[in-house]
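Some notes on the structure that comes next.
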There are 2 protein chains.
Amino acid sequence: MSKKLPIEVVHEVRDACLCLATQRAARTLARRFDRAFAPLGLTNGQFSLMMMLNAPQAPTLGRLAQALAMDRTTLTAALKSLERRGLVETRLDEKDRRARRLFLTNAGGDLLAAALPIWRREHAALDAGFSQSEGQRLRKALRTLGAEIQTEGKDVKA
Amino acid sequence: MSKKLPIEVVHEVRDACLCLATQRAARTLARRFDRAFAPLGLTNGQFSLMMMLNAPQAPTLGRLAQALAMDRTTLTAALKSLERRGLVETRLDEKDRRARRLFLTNAGGDLLAAALPIWRREHAALDAGFSQSEGQRLRKALRTLGAEIQTEGKDVKA
DNA sequence: GCAATAAACGTTGATATCAACATAATGACG
DNA sequence: CGTCATTATGTTGATATCAACGTTTATTGC
């Protein structure tokens with residue numbers, strides 16, 4: 001016999017699950033920004049990635065993956081298309097030749113600059129749905145949710 | 001010449017962008033729940049999907065995709081592995097033979113019931129990071145973010 | 001200096017995600 | 001009862017995502 005869960009449980013999970021709610025929001029926002037950036041041939045993830053590179057100190061691959069709360073290998077794959085398009089470059093670190101440092105090319109910087117007004121417009125429209133204090137609380141909560149819980153279990157320490 | 005964006009802009013986007021913050025949170029939470037469900041061979045998405053099927057009225061594919069704020073075709077792909085494993089069944093609707101209705105099998109119901117305590121435990125730990133009012137505000141905000149903006153532009157009406 | 005450990009990264013395989021296009025069934029309307 | 005728009009879904013191709021495993025370089029202990 002099957003154990004059919006009572007309907008209350010379904011509602012409990014559906015209404016309370018922060019994981020589900022966040023996945024839903026993430027998909028919806030990704031679609032929205034992907035469409036906004038589409039005229040430039042960029043996705044929301046590529047925009048965020050490149051924005052992180054527009055910094056005084058070029059980050060290493062691992063460090064950037066951490067900043068994006070993304071798997072290293074996902075980032076490696078994402079970089080391939082950006083390198084192919086000449087928007088991003090990678091060079092080995094002088095001091096530590098295990099590390100790859102990531103740079104925005106001139107073309108990458110230009111494209112990013114062109115994408116900025118699109119982001120501002122789209123994000124202003126999105127932000128309009130929240131009061132200032134709501135927005136701040138939301139950002140804080142998302143930061144908490146996006147913070148890595150524990151470093152353990154990465155590749156297993158066994 | 002390249003237009004290098006000033007560092008303030010980087011900080012603005014990094015600190016303010018709800019899309020980036022949500023993607024980060026979504027990735028972190030997905031990893032967390034995927035690992036929790038791993039002993040049962042389930043992912044967080046499969047758990048959410050199956051929970052939605054544990055309802056009095058079996059939803060159609062399109063309706064479920066909408067409820068999950070997910071592309072139809074993503075859902076089709078996700079269903080394949082669940083069908084292969086005998087956890088989910090699909091039948092054509094009697095009245096409208098275009099529509100596919102999705103059902104949980106007995107095995108699926110049992111596995112879902114086994115996953116529930118894992119969800120409760122994991123989610124309680126997660127929820128402990130928020131006060132009750134914070135949690136409610138967060139859920140409300142995520143619902144807003146996850147709501148489809150406009151139906152237009154789905155497959156383009158051109 | 002050399003062996004053992006750790007750190008940074010790459011590769012592979014499986015699934016997830018969505019846009020664009022294609023197919024089949026329904027409904028409306030003449 | 002056909003035609004035409006609409007609706008529900010399938011298919012394909014490109015990229016995203018992560019775990020598990022392997023490789024190279026640093027670092028630490030002796």
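Because the structure is predicted, anything quoted here is derived from the model rather than measured. Letters go in sequence order (proteins before strands), and every chain restarts at 1.
- Between the CG atom of A/D71 and the C1' atom of C/dC9 there is a distance of 12 Å, given to the nearest Å.
- For C/dA16, neither phosphate oxygen OP1 nor OP2 lies less than 4.0 angstrom from any side-chain nitrogen or oxygen of B/T74.
- In this structure, B/R35 does not reach the D/dC18 phosphate: none of its side-chain N or O atoms is under 4.0 Å from OP1 or OP2.
- The number of heavy-atom neighbours closer than 6.0 Å to CZ of A/R14, taken from other residues, nucleotides and ligands shown, is above 12.
- Comparing A/R101 and A/D34 against DNA chain C, the residue whose closest nucleotide sits nearer the 5' end is A/R101.
- Judged purely by atom type and a 3.5 angstrom limit, B/T22 has no side-chain atom pairing as donor or acceptor with the backbone of A/A26.
- The nucleotide whose nearest atom lies closest to any side-chain atom of B/T73 is, among C/dA20, D/dT25, C/dC9, C/dA20.
- Residue contacts for B/A77: at a heavy-atom cut-off of 4.0 Å it reaches a base atom on one of the strands shown.
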Set out, in order, the CA-CA distance, both residues' side-chain angles and the distance that settles salt bridge (charged side-chain N to carboxylate O under 4.0 Å, His left out) for A/R137 and B/E134, then state yes or no.
CA-CA 8 Å; A/R137 274 197 291 261; B/E134 277 175 341; over 6 Å; no
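- Looking at A/T43, its side chain has no donor and acceptor atom pair within 3.5 Å of the base of D/dA16.
- A donor-acceptor contact shorter than 3.5 Å links the side chain of A/R27 to the backbone of B/L68.
- What separates CZ of B/R84 from P of C/dA16 is a distance of 10 Å, to the nearest Å.
- Within the 3.5 Å criterion, the main-chain N or O of A/N44 finds a donor-acceptor partner in the side chain of A/D34.
- Atom-to-atom, CG of A/N44 to P of C/dC18 comes out at 11 Å; the value is rounded to the nearest Å.
- Protein atom CG of A/L61 is 20 Å distant from nucleotide atom P of D/dT23, rounded to whole Å.
- Rounded to a whole Å, the CG atom of B/L29 is 12 Å from the P atom of D/dC18.
- Toward the 5′ end of DNA chain D lies the nearest nucleotide of B/A26, the other residue of the pair B/A26 and A/K95 mapping further downstream.
- Listed nucleotides: C/dC9, D/dA26, C/dC18. Nearest to the side chain of A/R97: D/dA26.
- Picking from D/dC18, C/dC9, D/dA8 the nucleotide with the shortest atom distance to the side chain of A/M70 gives D/dC18.
- An OP1 or OP2 oxygen of D/dT17 is reached within less than 4.0 angstrom by a side-chain nitrogen or oxygen of B/R27.
- Side chain of A/H123 to main chain of A/I118: no donor-acceptor pair is present (N/O by atom type, distance under 3.5 Å, no hydrogens or angles).
- Summary of the strand contacts: B/E94 and A/G62 both lie near DNA chain C, and taking for each the nucleotide with the nearest heavy atom, the more 5' one is attributed to A/G62.
- Protein atom CD of A/E83 is 13 Å distant from nucleotide atom C1' of C/dC9, rounded to whole Å.
- In this structure, B/T76 reaches the sugar-phosphate backbone alone: every heavy-atom distance under 4.0 Å involves primed, P, OP1 or OP2 atoms, never a base.
- Using a 4.0 Å heavy-atom distance criterion, A/T60 is classed as a sugar-phosphate-only contact.
- Using a 4.0 Å heavy-atom criterion, one finds that B/A30 contacts no nucleic acid atom at all.
- When each of D/dT11, D/dA8, C/dT15 is scored by its nearest atom to the side-chain atoms of B/K80, the top-ranked nucleotide is D/dT11.
- One atom, CG of B/L79, and another, C1' of C/dT15, lie 13 Å apart when rounded to the nearest Å.
- In this structure, of C/dT15, D/dA16, D/dC21, it is D/dC21 that holds the atom nearest to the side chain of A/R72.
- Taking 3.5 Å as the limit, the base of C/dA7 and the side chain of A/R98 contain a donor-acceptor pair of atoms between them.
- For the pair B/Q23 CD and D/dC18 C1', the computed distance is 15 Å after rounding to whole Å.
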